[in-house]
Amino acid sequence: MLRYALTRLLSLSLSLVAASLAIFAAIEVIPGDPAAYMLGLNAAPETVAALRDELGLSGTLWTRYLDWISGLATGDMGLSYTYRVPVADLVTERLAVSLPLAAYALALSTAIALPVGLWAAARRGRAADLGIMAATQLGIAVPNFWFAMLLVLVFAVKLRWVSAGGFPGWEAGLGHGLKALTLPAVALALPQAAILARVMRSALIETLGQDYIRSARAKGLSRAQALRRHAFRNALIPVLTILGLQFSFLLAGAIIIENVFFLPGLGRLIFQAITQRDLIVVESVVMLLVFAVILVTFLVDLAYAAVDPRLRRR
Amino acid sequence: MPVLRQVSLGIGRREIVGLAGESGSGKSMTALALMRLLPEGARAEGRIRLDGRDLMDLSERQMCRRRGRDLGMIFQEPMTALNPVQRIGDQVAETLIVHGEATRAEARRAAARLLHRVGLPPERFPPGRFPHELSGGQRQRVCIAMAIALRPQLLIADEPTTALDVTTQARILDLLKALVAETGMGLLLITHDLAVISGLADRLAVMRAGEIVEEGPAATVLTARRHPYTSALVAASAHSPATVPPPPGPPLLEVRDAVRTYPGSRRGLIGRAPPQRAVDRVSFAIARGESLGLVGESGCGKSTLARAVLGLEPLQGGEIRLDGTAIRAGSPVPGQVRRRMNAVFQDPYGSFNPRHSVARLIAEPFHLTGRPADAAARIDETLLAVGLDPTDRTRFIHEFSGGQRQRIAIARALIARPDLIVLDEAVSALDVRVRAQILDLLADLRARFGLSYLFISHDLSVVRSITERVLVMKAGRIVEEGATEKVLHDPAHAYTKALLAAAPKLKEPD
Amino acid sequence: APPDTITIGMVLEPPNLDPTSGAAAAIDEVVYANLFEGLTRFAPDGTVAPGLAASWEANEAATVYTFHLREGVRFHDGTALEAEDVVFTLDRARGPDSTNAQKALFEGIESVAAPDPLTVTVTLARPDGAFPFKMAWGDAVIVAPETAGTEASAPVGTGPFRFERWVHGDRVELLRNPDYWGPAPALARATFKFIPDPNAAFAAMMAGDVDAFPNFPAPETLPQFEADPRFRVIVGTTEGETILALNNRRPPLDNIRVREAIAHAVNRQDIIDGAMFGYGTPIGTHFAPHHPDYVDLTDLSRHDPKKARALLAEAGQTDLTLRLALPPPSYARRGGEIVASELRAVGIETEIVNLEWAQWLDQIFRRHDFDLTIVSHTEPMDIGIYARPDYYFGYDRPDFPALMDRLAGATDPAERSEILKAAQRMIAEDYVNVYLFQLAKTGVANAKLEGLWENAPTQANDLTAVHWTD
Amino acid sequence: MSARPNLIAGGVLSGTVLALAALSLVWVPHDVAALNIAERLRPPGGPHPLGTDHLGRDMLSMLMVGARSSIAVALVAVGIGMGAGVPLGLMAAAARGSWLDELVMRMNDLIFAFPALVIAILITAILGPSALNAILAIGIFNIPVFARVTRGAALSLWTLDYIRAAELAGKGRVRISAEHVLPNIVNLLIVQATIQFSLGILAEAGLSYVGLGAQPPTPSWGRMLAEAQTMIYSAPRLAILPGLAIVLTVLGLNLLGDGLRDALDPRLRRTTR
Ligand SMILES: Nc1ncnc2c1ncn2[C@@H]1O[C@H](COP(=O)(O)OP(=O)(O)OP(=O)(O)O)[C@@H](O)[C@H]1O
Ligand SMILES: Nc1ncnc2c1ncn2[C@@H]1O[C@H](COP(=O)(O)OP(=O)(O)OP(=O)(O)O)[C@@H](O)[C@H]1O
Ligand SMILES: [Mg+2]
Ligand SMILES: [Mg+2]
């Protein structure tokens with residue numbers, strides 16, 4: 001198990017290096033000068049040059065890459081061009097929104113999808129199953145930004161149960177924070193739950209067809225017992241894969257939802273940083289996201305091993 | 001559509017009843033109907049009385065209480081019959097727990113005892129192991145432990161040994177026999193292999209197309225063979241094609257000190273398990289027109305050797321010489337050599353690209369030789385030679401039965417007129433009667449075309465019927481070699497003896 | 001008691017809070033008159049009023065200005081405002097390392113001196129009647145040397161509010177400054193909340209998360225607010241001349257006939273209706289219509305597709321294809337679609353290219369690589385840009401800089417007015433650009449809120465006078 | 001056997017959308033490039049069966065042409081994914097266990113590790129927003145999907161004996177991949193392609209919703225939706241119709257994918273064994 005983890009860790013770091021090169025290269029070729037952007041329509045060229053120097057935008061490619069990477073490794077991501085505060089602080093601030101939001105949405109979608117998938121699988125082919133499958137098809141087809149908009153209309157504008165968006169900050173209290181994240185989490189979670197429920201159902205049905213379920217039934221387990229005790233855990237492997245993918249999606253792919261609910265999350269930070277050419281923020285945050293995805297994949301791999309003993313020895 | 005018709009069977013205490021029949025005859029359906037575990041969509045009618053109580057009257061919930069307690073069942077495929085993510089001890093203990101017969105801790109201890117009883121002593125096979133850490137035979141033992149945990153009155157074993165090799169099969173059958181004697185349960189033993197039953201069953205029922213055509217004491221049924229189907233089955237099992245003596249010829253294929261090592265499996269990016277020698281300095285020769293057998297346990301390296309001979313895998317050491325042309329380890333087999341060999345594989349289902357017509361499938365070897373002008377005629381001719389009709393050429397493979405597919409495979413092997421055909425378990429997947437036909441065909445073709453065979457099988461009776469000489473392989477090495485009759489009657493090596501002892505034999509009628 | 005806090009909605013988040021090094025309008029929208037003050041300031045009606053300087057006078061030639069600072073003004077860090085701070089601010093803004101986005105405001109300064117702690121004299125190289133006006137800009141606010149380097153994230157000014165905190169990506173919070181030299185503001189706390197998405201802005205306003213949205217981004221929803229007694233819609237003027245800029249350097253746009261043809265092809269009212277849902281005032285030149293010196297020249301470029309075709313034919317331009325570059329604001333994106341369709345009607349094909357601001361600045365503003373673009377020039381009194389031949393639209397007629405030089409030297413109001421009118425006419429008759437409309441300030445506020453600026457003589461949300469009623 | 005409701009419903013839905021998109025190539029009720037401000041926000045009826053939008057364009061025509069851009073983007077993106085992913089997957093499977101296989105799979109993982117929308121935004125920042133860049137952004141993420149599916153399916157085929165037989169006939173890896181492997185995974189690829197197609201439509205909608213997709217004057221569903229959102233009270237149909245178009249198209253394609261999977265799944269087709 002340890003060896004397995006170590007070798008996975010090595011390939012993880014290789015991926016990170018490759019990713020950092022790709023990101024750095026992409027950032028390099030983005031047209032548009034942060035200094036020019038900041039100074040606007042009436043700026044004189046020498047003013048822009050002065051600002052460029054101040055921002056540390058001069059220097060060769062390699063030295064800047066190495067500076068960046070060594071900075072990242074020590075947790076120093078530099079100073080944001082536009083905000084003029086450490087990027088690390090910005091990221092920490094935003095993570096305080098994005099991470100709980102992703103976790104909240106993931107928890108919601110899991111809490112909805114697993115029982116629903118289980119139920120549908122248990123009732124395979126009957127009306128309940130068909131109904132659920134139809135609903136999940138619809139859930140997958142509805143764009144989440146559209147769904148989010150409808151949620152806002154109903155719950156914020158019409159019913160005024162919650163704010164239309166924004167985030168008061170955790171210091172306003174856990175309850176307030178969670179309340180502010182509820183609609184966004186629902187908007188993110190429902191389409192994900194639809195996918196997850198389908199995966200859960202088909203994984204369960206697949207395992208239910210396995211020989212060992214027949215063995216279990218021959219032991220005297222009822223259909224439901226066999227489902228719970230034998231099929232569930234085996235079906236968890238594809239479900240875990242999807243969960244891992246979803247987490248990374250939720251962390252970074254929530255940009256549109258963050259816009260709809262004007263949440264100060266990581267996604268919006270990137271979006272904004274790109275338009276403002278705050279490239280130092282862009283490269284560090286993208287790198288961080290890639291790191292998060294790779295880390296989650298790694299954790300999912302470890303989770304596989306926890307679920308499936310056959311993978312432990314490799 | 002009825003699958004079973006009016007099946008009636010009685011099984012007494014301490015009695016072993018065999019249920020034999022061809023594939024698809026309805027044996028498994030009978031067993032599943034008894035357990036009331038028929039696949040969705042299937043419906044059973046009639047009565048199943050266990051100790052006087054009709055199981056058909058029970059509710060599903062009551063039936064759950066009977067399964068595992070009064071009725072136990074084990075299945076053919078031990079590799080998949082166990083939950084891969086649960087420890088074997090827990091799987092055995094579960095039988096006790098779901099029936100409320102023991103607390104968790106007691107059940108664990110009981111499971112350990114049971115596993116010991118079926119030949120998995122805790123010192124060597126702790127109950128904390130997972131199924132993938134056991135071999136097929138060992139897994140089948142776990143299944144048996146699961147099924148007998150509550151000493152059921154009836155144990156149903158559906159082809160429990162088909163997936164196992166002969167030595168393991170023999171041990172499992174012995175275990176079942178001992179358990180019947182010990183616990184007094186009745187055993188319904190389902191198999192397609194009459195030889196298995198003949199050594200074990202007290203009574204025997206023969207099934208054909210969902211009907212029991214004959215039933216009685218095993219010895220009587222097998223020897224008297226009142227029903228023509230029974231006698232056809234027995235005859236086919238013991239079938240031995242008229243072998244032609246080999247015309248004395250020069251050696252066609254010579255293998256010297258062949259070595260095939262597999263790199264150890266990957267462990268992450270850098271690590272590797274130590275390399276494994278699947279074929280370890282093997283030497284042998286096949287004369288022109290000779291049929292050479294190769295036997296050995298599963299995993300001993302037979303297929304690897306066959307692939308190496310065919311040039312499908314590189315050798316790490318040694319030399320192969322076909323008709324004088326030498327191929328050394330490391331260098332690829334040249335086309336002119338390779339075209340003189342061909343092969344027939346075990347799986348009649350995976351051997352053909354389902355999207356190609358029979359004609360195209362058969363003509364594939366022309367890729368090496370270049371398509372001759374008379375290709376169409378050759379295809380027809382070859383189809384006729386293997387007993388198919390030239391009109392079959394436009395059909396697709398899914399329209400053929402297993403036996404027919406194997407004929408097509410042989411046609412493909414024949415079409416480029418090779419000198420040597422390697423048959424890797426070519427008849428193992430076939431029913432006895434179909435197998436008999438194919439063996440006849442092979443013998444006939446050999447006589448007509450002067451072919452040489454390398455015939456690989458784990459089934460000694462088959463090897464005996466079609467080869468003159470045999471090699472016995474163990475863990476990558478040839479441990480014994482000699483004339484088939486001699487090796488099989490009077491084995492020199494201990495391993496060969498063990499193999500022979502394990503092989504079930506059908507008693508010859510007096 | 002009425003509440004004493006307010007949440008103001010804004011579309012864009014300021015990149016930082018230092019108005020002296022950054023062009024973003026959002027900076028001034030937060031800090032102008034709230035956090036920072038200059039020597040002079042803009043009053044809500046656009047006139048120049050005393051700021052930190054209680055009064056000032058110029059010499060006859062308008063080359064030396066003397067500013068008299070108020071007494072008892074303190075920065076938020078407790079230090080007193082002195083004439084030396086002003087000297088520092090102005091010298092910093094015009095120095096070689098300056099990163100001031102409007103460095104041109106300070107270009108005329110020859111020297112700055114502080115004869116005593118409450119007096120500043122500024123000597124100009126050339127006469128400039130508009131110097132007090134220039135000192136009212138947000139880019140000319142007074143900062144202290146000790147804090148000048150850190151204004152971006154921890155602004156320290158002299159205004160009625162002081163900086164409390166900034167939750168990046170979400171909001172900036174200001175608190176009442178108890179030591180303010182002037183009348184204390186009614187509000188104890190002000191929060192600026194950043195909501196870029198128009199739909200989210202609408203929802204936030206409707207849900208009551210935001211009390212006022214002075215520059216509301218979705219004019220199409222204003223009827224909704226008008227119909228709702230909870231809200232008040234405030235429509236005013238801005239300094240934003242919205243133009244279809246033409247690249248005068250590039251053929252065939254260097255031909256005045258082609259430019260005139262384009263001007264006649266465009267229907268201003270359609271653009272105002274279609275893109276701004278009716279909000280906006282048509283303009284015929286680069287000048288704010290609410291300014292007393294404005295001349296209505298819209299007739300010079302009446303919507304007249306026939307004439308446009310004729311002019312094109314005259315110029316020998318058939319089969320014309322032009323690239324229309326559009327920055328992100330909806331006036332440009334929506335307006336661009338309408339312009340494209342109207343140009344097609346007179347036989348000019350357009351290829352629309354949507355650009356981010358950064359790309360727009362790089363490609364159009366710096367490299368002048370464009371044919372047509374739509375943009376709003378929001379700086380007050382910026383007709384002077386036509387005197388810069390290197391400016392992006394490339395107007396190069398020597399008469400115009402001469403006119404501007406005369407303007408700079410003129411202190412007589414009548415003369416100034418005359419020059420301004422001549423300038424307006426000159427660019428309109430040269431069809432430098434197509435002048436579309438003056439951007440309206442469309443704001444929405446809680447009906448109980450009073451004291452918000454109606455017009456926007458500069459980008460600002462001056463909260464000094466804002467208060468709640470019962 | 002049973003009538004396949006999924007297949008039929010999916011086929012009808014996506015067929016209709018495809019047909020309308022195809023029709024828009026030759027005919028639409030009204031020119032979508034010609035704005036008519038005077039006719040803006042007309043309710044449904046008369047010459048405009050679905051009314052007009054805020055710039056006076058005919059909604060039905062807009063939806064039809066919008067379908068075209070959605071479909072074109074998604075289709076080309078799937079094409080890129082298949083064009084690059086399938087050969088890569090075949091190659092990796094043919095060279096299973098080798099460094100080539102490892103490289104292909106690692107590259108796949110790496111692409112997967114990048115958040116898709118962020119990459120789309122980056123691409124747009126570099127190249128400017130356009131339908132082409134949307135295609136690129138969506139297409140790139142389709143490559144690993146197809147590579148993975150192809151490799152997985154091809155790997156299991158490579159263990160089959162008919163591949164052995166082809167090797168015996170002296171055929172090389174490329175030829176075997178083309179002749180024996182590819183045709184037998186085509187079903188799987190078709191199913192995957194429908195799924196990716198529907199995902200592509202959703203992705204295109206998302207991208208053009210944030211302004212990164214097809215550029216005006218070309219109509220696109222996502223942008224129509226974004227532009228109309230704030231008018232949800234005054235003219236709800238402007239936002240609801242494009243939303244509905246997206247939902248129905250994606251739904252149709254998903255149903256079609258499911259139906260095809262059921263119809264083509266070899267496991268369901270395989271007879272007794
Ligand atoms: N799930 C099912 N649905 C419909 N028919 C089935 C199903 N399973 C089996 N059958 C059919 O029932 C018949 C009997 O099958 P059964 O599995 O009992 O045969 P068997 O004698 O056990 O054969 P084998 O030796 O291959 O195991 C066969 O014709 C088979 O096609
Ligand atoms: N591609 C491979 N990579 C690594 N090891 C392999 C490979 N193929 C076979 N082996 C190993 O080589 C050994 C011999 O395998 P082989 O298939 O030749 O056995 P066999 O005698 O044909 O068995 P069976 O009767 O089950 O077909 C086994 O231990 C197997 O695990
Ligand atoms: Mg069976
Ligand atoms: Mg083998």
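Values below: every heavy atom of this structure, side chains too, minus hydrogens, waters and symmetry copies.
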Got a sec: does the [atom1] of [X] have more than 12 other heavy atoms crowding it under 6.0 Å?
X	atom1	value
D:Arg237	CZ	yes
A:Phe291	CZ	no
D:Met107	CE	no

Heavy-atom proximity to chain A below 4.5 Å, by part of [X]:
X	value
D:Ala239	both
D:Ile123	neither
D:Ile240	both

statement: D:Ser198 meets the side chain to side chain donor-acceptor pair (under 3.5 Å) criterion, sequence neighbours left out, with D:Asn254

- prompt: How long is the span from the CD1 atom in A:Ile256 to the CG atom in D:Leu207, to the nearest 0.5 Å?
  reply: 7.0 Å

- prompt: Could you state the interatomic distance from CH2 (A:Trp146) to CG (D:Leu225), rounded to the nearest 0.5 Å?
  reply: 5.5 Å

For chain D, the option from [options] that forms the most heavy-atom pairs under 4.5 Å:
options	answer
A:Ala134, A:Pro143, A:Ala22, A:Ser15	A:Pro143
A:Val286, A:Ile140, A:Asn259, A:Leu153	A:Leu153
A:Leu16, A:Ile294, A:Ile274	A:Ile274

Side chain to side chain, D:Leu122 and A:Val282, heavy atoms closer than 4.5 Å: yes

message: By the ring-ring contact (aromatic ring centres under 6.0 Å, His included) test, which pairs, at least two apart or in different chains, include something from residues 190-215 of chain D?
response: A:Phe145-D:Tyr209

Closest non-hydrogen atom pair between A:Leu138 and D:Val247, with its separation: CD1-CG1, 4.1 Å

field: Winner by heavy-atom pair count (cut-off under 4.5 Å) against chain A, out of D:Leu110, D:Asp109, D:Val210
entry: D:Leu110

task: With a 4.5 Å cut-off on heavy-atom pairs, point out which of D:Gly252, D:Ala113, D:Ala205 contacts chain A the most.
output: D:Ala113

message: Under a 3.5 Å cutoff, is there a donor and acceptor pairing between the side chains of A:Gln137 and D:Asn6?
response: no

query: Which bit of A:Val152 is near chain D, if near means a heavy-atom gap under 4.5 Å: side chain, backbone, both or neither?
result: neither

message: D:Phe114 vs A:Ile23, test: side-chain contact (heavy atoms from CB on, under 4.5 Å). Steps then yes/no.
response: CA-CA 10 Å; D:Phe114 281 91; A:Ile23 293 169; 3.5 Å; yes

- request: Go through D:Gln229 and A:Val260 one step at a time and tell me if the side-chain contact (heavy atoms from CB on, under 4.5 Å) criterion holds.
  value: CA-CA 11 Å; D:Gln229 268 190 53; A:Val260 173; 5.6 Å; no

message: Could you go through D:Ile121 and A:Ile255, starting from their C-alpha distance and side-chain angles, then the distance that decides it, and tell me whether this counts as side-chain contact (heavy atoms from CB on, under 4.5 Å)?
response: CA-CA 11 Å; D:Ile121 297 171; A:Ile255 298 180; 3.8 Å; yes

